[in-house]
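For reference, the structure discussed in these notes is given below.
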Amino acid sequence: MDRKKILIAISAAGISLLTMTAGGLRPDAALTAAIGAARSTAYFTAGITFRGENTVEAPPFTEEGPEQTAGQAATSEQSAESQPEESAALAAAVTADSTVSTPAAQEGVESRARVISRNIAEFDDGVDRTAEGTESGVIVREHFGGYQGDDYIELPGGGLVWNCTLDSAESIIAAGSEPPQTGVERNTPEPQVLIIHTHTTESYEPYQRNYYDISYPSRTRDSAHNVVRVGEALAQKLAENGISVLHDGTIHDYPSYTGSYDRSEGTIRAALEEYPSIKIILDLHRDAISGGGVRTAPVWETDGRYAAQFMVITGCDDGRFGNMPDYFSNLSLACAIQNSSEKLYPGLARPVLFDYRNYNQHISTGSLLIEIGSHANSIDEAVYTGELLGDIIAAAV
């Protein structure tokens, strides 16, 4: 079934119908409502449902890649070719090595888990993050769930894999049925996990709101407001669980966006040479979900507090890459994280995306890309997810 054609056709029909009948709204508001409703109808046809907190709904279309289908909307990390420039000069990076107390230590078991944070730029972009700004478009807050269809493979542990490959459901279930062989050691000072950011400048909304300001930057080198801050939250939580982490905040997508993955590969290989103890490599990103003037924030709520939904992406080689013979090992780790998330925090994770992509995952059998929320989520929501993800990964490995 050609989902893209179905989505386009249904969306066009819905927009036309609602735009003509929404006479009680301003033209811009009517158009926004039409877009949201039509796209929701299209996604219902494609087997995807949402539990919304807003009257206007929008599915996961990303702004980075005009040819993305509903499935590819999950990410388009390798398609964008340009990066907005910032005027201030890059400040000197600093390296910190800190030891944190872990639950194991509190129970009387000696723990030397630590976080090594380095190459995190001291940079202030000067943006006023308390200002209301202009209402350039609508932010819709959605919980993504209710996925249906043959492409969605349910794992024995409760997780879900979105299979965009020709590999069989049986092979995916098999990969998700066995514990990943990561070899991660706890309560040792040698880093077991490497956290990097290929698109280091990806950032978030300053706070929760139902509109976005087009002039507000969705990318910044200010590490207090981009994915580096989320990575630090994840690293600290892993260390609290007895797993030492090297968190490298090297900027790979500025001043040039093109070639980001080549540069991050260099960072990864240098880290592995320096610390052969590293077993898992996590490339933390932020998604960009938008369409028709609407930006969508994937959210999850518990006890009145909101987190940004996350998504694990693991690559598959169809012969184009020629360097990923062990990609099922990465898939096994992804499935373990997905199952762990469903056990600890049901609904926090979007389905694992299993697709013909590389993302430097040929380097190690413990390599994954993880999208934390979108550019419509607040920084606090993303940081909270980083903390929850630390517990999830610690339980998975």
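- In this structure, V127 and D222 have side chains that are not in contact, with every pair of non-hydrogen atoms separated by 4.5 Å or more.
- Every residue two or more places apart in sequence or in another chain that forms a side-chain hydrogen bond (donor to acceptor under 3.5 Å, both in side chains) with S168 is listed here: S171.
- For the atom pair CE (M311) and CD1 (I372), the distance works out to 10.0 Å, reported to the nearest 0.5 Å.
- Both L284 and Y345 are part of a single hydrophobic cluster, where members link through side-chain heavy atoms under 4.5 Å apart.
- Sequence neighbours left out, the pairs with a member in residues 320-332 that pass salt bridge (Lys or Arg N to Asp or Glu O under 4.0 Å) are D318-R320.
- For the atom pair OG1 of T314 and CD1 of I172, the computed distance is 10.0 Å after rounding to the nearest 0.5 Å.
- Not a single salt bridge (Lys or Arg N to Asp or Glu O under 4.0 Å) links R186 to another residue, sequence neighbours left out.
- Every salt bridge (Lys or Arg N to Asp or Glu O under 4.0 Å) that D380 has, sequence neighbours left out, goes to R229.
- Distance check, rounded to the nearest 0.5 Å: OG of S260 to CD1 of I251 gives 11.0 Å.
- Listed by chain and number, the residues in a ring-ring contact (aromatic ring centres under 6.0 Å, His included) with F328 amount to none (sequence neighbours excluded).
- Taking every heavy atom of both residues into account, G133 and D213 meet most closely at CA-OD2, 3.3 Å.
- Applying the side-chain hydrogen bond (donor to acceptor under 3.5 Å, both in side chains) rule to E205 yields the partners R209; only residues at least two apart in sequence or on another chain are considered.
- Taking the ring centre of Y306 as origin, the terminal cationic atom of R141 falls inside the region bounded by 6.0 Å and 45° from the ring axis.
- The salt bridge (Lys or Arg N to Asp or Glu O under 4.0 Å) search around R129 returns D125, not counting sequence neighbours.
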> Would H362 and F321 satisfy side chain to side chain contact (heavy atoms under 4.5 Å, CB included), going step by step from the backbone distance to the final call?
Replying inline: CA-CA 9 Å; H362 61 285; F321 308 127; over 6 Å; no
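- In plain terms, the two heavy atoms of G373 and P298 that are nearest each other are CA-CG, 4.1 Å.
- Transitive grouping of hydrophobic side chains (ILVMFWY, heavy atoms separated by less than 4.5 Å) keeps Y384 and Y207 in distinct clusters.
- In this structure, CG on D151 lies 6.5 Å from SG on C164, to the nearest 0.5 angstrom.
- The shortest side-chain heavy-atom distance between Y152 and E154 does not fall under the 4.5 Å cut-off.
- Under the salt bridge (Lys or Arg N to Asp or Glu O under 4.0 Å) criterion, the residue pairs touching residues 265-274 are R118-E274, E265-R269, with sequence neighbours excluded.
- Take S329 and apply the side-chain hydrogen bond (donor to acceptor under 3.5 Å, both in side chains) test, not counting sequence neighbours, and it matches no residue.
- When each of D253, N360, D248 is paired with S264, the side chain to side chain donor-acceptor pair (under 3.5 Å) condition holds for N360 and for no other.
- Evaluation of the side-chain hydrogen bond (donor to acceptor under 3.5 Å, both in side chains) rule for T302 yields no partner, not counting sequence neighbours.
- By the 30° and 60° cut-offs, the orientation of the rings of F354 relative to Y327 is tilted.
- Residue pairs satisfying the ring-ring contact (aromatic ring centres under 6.0 Å, His included) criterion with at least one member in residues 210-247, sequence neighbours excluded, are listed as follows: H197-H247.
- Two residues are said to be in side-chain contact when any heavy atoms from C-beta on lie closer than 4.5 Å; I393 and L234 meet this criterion.
- Looking only at side-chain heavy atoms (C-beta outward), T250 and T200 stay at 4.5 Å or farther from each other.
- Summarising the geometry, atom OG1 belonging to T365 is positioned 9.0 Å from atom CG belonging to L333; distances are rounded to the nearest 0.5 Å.
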>> Set out, in order, the CA-CA distance, both residues' side-chain angles and the distance that settles side chain to side chain contact (heavy atoms under 4.5 Å, CB included) for V161 and C335, then state yes or no.
In response: CA-CA 8 Å; V161 175; C335 291; 3.8 Å; yes
> D355 and I313: side chain to side chain contact (heavy atoms under 4.5 Å, CB included), yes or no, with the steps?
Replying inline: CA-CA 8 Å; D355 198 3; I313 301 176; 5.9 Å; no
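- Rounding to the nearest 0.5 Å places CD1 of I139 at 8.0 Å from OG of S374.
- Minimum interatomic distance between S378 and Y204 (heavy atoms only, all atoms of both residues): C-CB, 3.9 Å.
- For the pair V312/I370, a side-chain contact is recorded, criterion being any heavy-atom separation below 4.5 Å from C-beta on.
- Residues Y275 and L194 are not in side-chain contact: their nearest non-hydrogen atoms beyond the backbone lie 4.5 Å or more apart.
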> Could you go step by step and tell me if S290 and H375 meet the side chain to side chain contact (heavy atoms under 4.5 Å, CB included) rule?
Replying inline: CA-CA 9 Å; S290 64; H375 58 345; 4.2 Å; yes
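- D391 and N241 share a side-chain donor-acceptor pair at under 3.5 Å.
- Contact detail for G366 and N330: the closest heavy-atom pair is N-OD1, 3.2 Å.
- Here E387 pairs with nothing under the salt bridge (Lys or Arg N to Asp or Glu O under 4.0 Å) rule; sequence neighbours left out.
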>> The test is ring pair (Phe, Tyr, Trp, His ring centres under 6.0 Å); show your working for H199 and Y261 and say whether it passes.
In response: CA-CA 8 Å; H199 295 155; Y261 280 94; 5.5 Å; yes
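- For H252 against R263, the heavy-atom pair with the smallest separation is O-NE, 2.8 Å.
- No donor-acceptor contact under 3.5 angstrom links the side chains of E178 and S332, judged on distance only.
- The closest side-chain donor-acceptor pair between D283 and T198 falls under 3.5 angstrom.
- In this structure, the side chains of V115 and E232 come closer than 4.5 Å at one or more pairs of heavy atoms.
- Put simply, the side chain of I281 reaches to within 4.5 Å of the side chain of L272, judged on heavy atoms.
- The nearest pair of heavy atoms linking N339 to G157 is OD1-C, 3.2 Å.
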